[in-house]
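Just so you know, residue 1 is the first one in the sequence shown, and it goes up from there. First listed ligand is number 1; within each ligand, the first listed atom is number 1. It should be emphasised that the depicted structure is a prediction, and the values quoted were computed from it without experimental measurement.
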Amino acid sequence: MSKINGKTIWLTGASSGIGLALAEQLAAEGANLVLTARNEEKLREIANRLPGTHLVLPMDLSRPEKAVNRAEAFLDDIKVDILINNAGISQRSLALETDFEVYRDLMEVNYFSVVALSKLIAPRLVNQGDGHIVTVASVAGKVGSKRRSGYSGAKFAVIGFMDCFRAELADKNVRCLTVCPGFVHTQIAHNALVGDGSALGQADPDNAGGISAAQCAAEIITAIKADKDEIIVGKGLSKAAPVLQRFLPGLVRRMVAKRN
Ligand SMILES: NC(=O)c1ccc[n+]([C@@H]2O[C@H](COP(=O)([O-])OP(=O)(O)OC[C@H]3O[C@@H](n4cnc5c(N)ncnc54)[C@H](OP(=O)(O)O)[C@@H]3O)[C@@H](O)[C@H]2O)c1
């Protein structure tokens with residue numbers, strides 16, 4: 001049976017970038033989507049233009065407990081087959097210049113919301129005897145670099161959570177895929193938080209020079225179909241960084257200290 005056609009997929013961060021590309025490709029393959037992000041208007045426009053029938057579940061994932069309460073009621077009689085935790089927010093500020101609250105916000109969206117949503121859906125998947133939990137982490141969750149101390153911390157944490165969750169669900173036919181993209185051309189830098197918690201509001205040449213959101217989404221879907229545990233997606237140095245870090249950690253530390 002197809003892993004996508006006819007499946008109900010709850011996708012967060014569906015209003016932009018990788019999530020929007022995932023929504024387009026999953027809908028084209030016959031999935032029924034539950035689309036989540038904060039921007040309800042954008043989600044409705046996307047749901048209306050995609051082929052098939054899709055639901056919109058707007059929520060702010062910087063308040064995971066509230067989000068879970070809302071999702072519990074909304075999803076009461078919906079059988080979710082796949083959860084894709086894709087929503088995320090990045091950072092572009094030096095640690096010494098970043099308010100503590102910014103660290104909390106980065107953890108809420110990039111880590112605690114993933115824990116909360118995964119814990120909500122996993123018991124259902126276990127009861128169904130089948131399912132998939134996918135989390136879009138980052139290469140920043142493997143290799144730390146400047147101006148991302150809060151973002152990297154959250155992404156390292158979420159990779160650890162997914163490793164443990166995968167081990168605990170392995171004999172229950174619930175598969176856990178961790179996706180670690182390098183640079184992808186999306187709005188991520190534009191939306192990234194700076195030291196006072198406001199948005200950077202401009203593009204970043206690293207992300208602009210990355211792979212397309214469509215390519216990233218296609219690789220994620222291929223990995224779901226192939227029951228992969230973890231994938232690194234991207235090109236060039238941002239893709240090679242985790243392997244380099246493993247075999248030449250000193251070199252990587254020197255390189256990231258020199259980069260801005
Ligand atoms: N682009 C890259 O180079 C790159 C590299 C590695 C990892 N990633 C990861 O890929 C994922 C997708 O990012 P992207 O590159 O596609 O960035 P993006 O274009 O900025 O999209 C981010 C998505 O997350 C949603 N989101 C952000 N804060 C939210 C909140 N508080 N509540 C609910 N939804 C929220 C946004 O929707 P609303 O604004 O409508 O809420 C949007 O749909 C993230 O987890 C990111 O960390 C990206």
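- Salt bridge annotation for Arg44-Glu40: present, with a cationic side-chain nitrogen under 4.0 angstrom from a carboxylate oxygen.
- Within 4.0 Å of ligand 1, protein heavy atoms belong to Gly13, Ala14, Ser15, Ser16, Gly17, Ile18, Ala37, Arg38, Asn39, Met59, Asp60, Leu61, Ser62, Asn86, Ala87, Gly88, Val109, Val136, Ala137, Ser138, Tyr151, Lys155, Pro181, Gly182, Phe183, Val184, Thr186, Gln187, Ile188, Asn191, Asn207, listed by chain and number.
- Annotation: ring pair (Phe, Tyr, Trp, His ring centres under 6.0 Å) contacts of Phe156 (sequence neighbours excluded): none.
- Asp81 has no carboxylate O lying under 4.0 Å from a charged side-chain N of Arg124, or vice versa, which leaves the two without a salt bridge.
- Checking side-chain atoms of Thr12 against main-chain N and O of Ala87 turns up a donor-acceptor pair under 3.5 Å.
- With hydrogens and angles left out, the side-chain atoms of Arg148 and Ser138 include no donor and acceptor closer than 3.5 Å.
- Between Arg92 and Asp206, none of the side-chain N atoms (NZ, or NE/NH1/NH2) sits under 4.0 Å from a carboxylate O, so this pair counts as no salt bridge.
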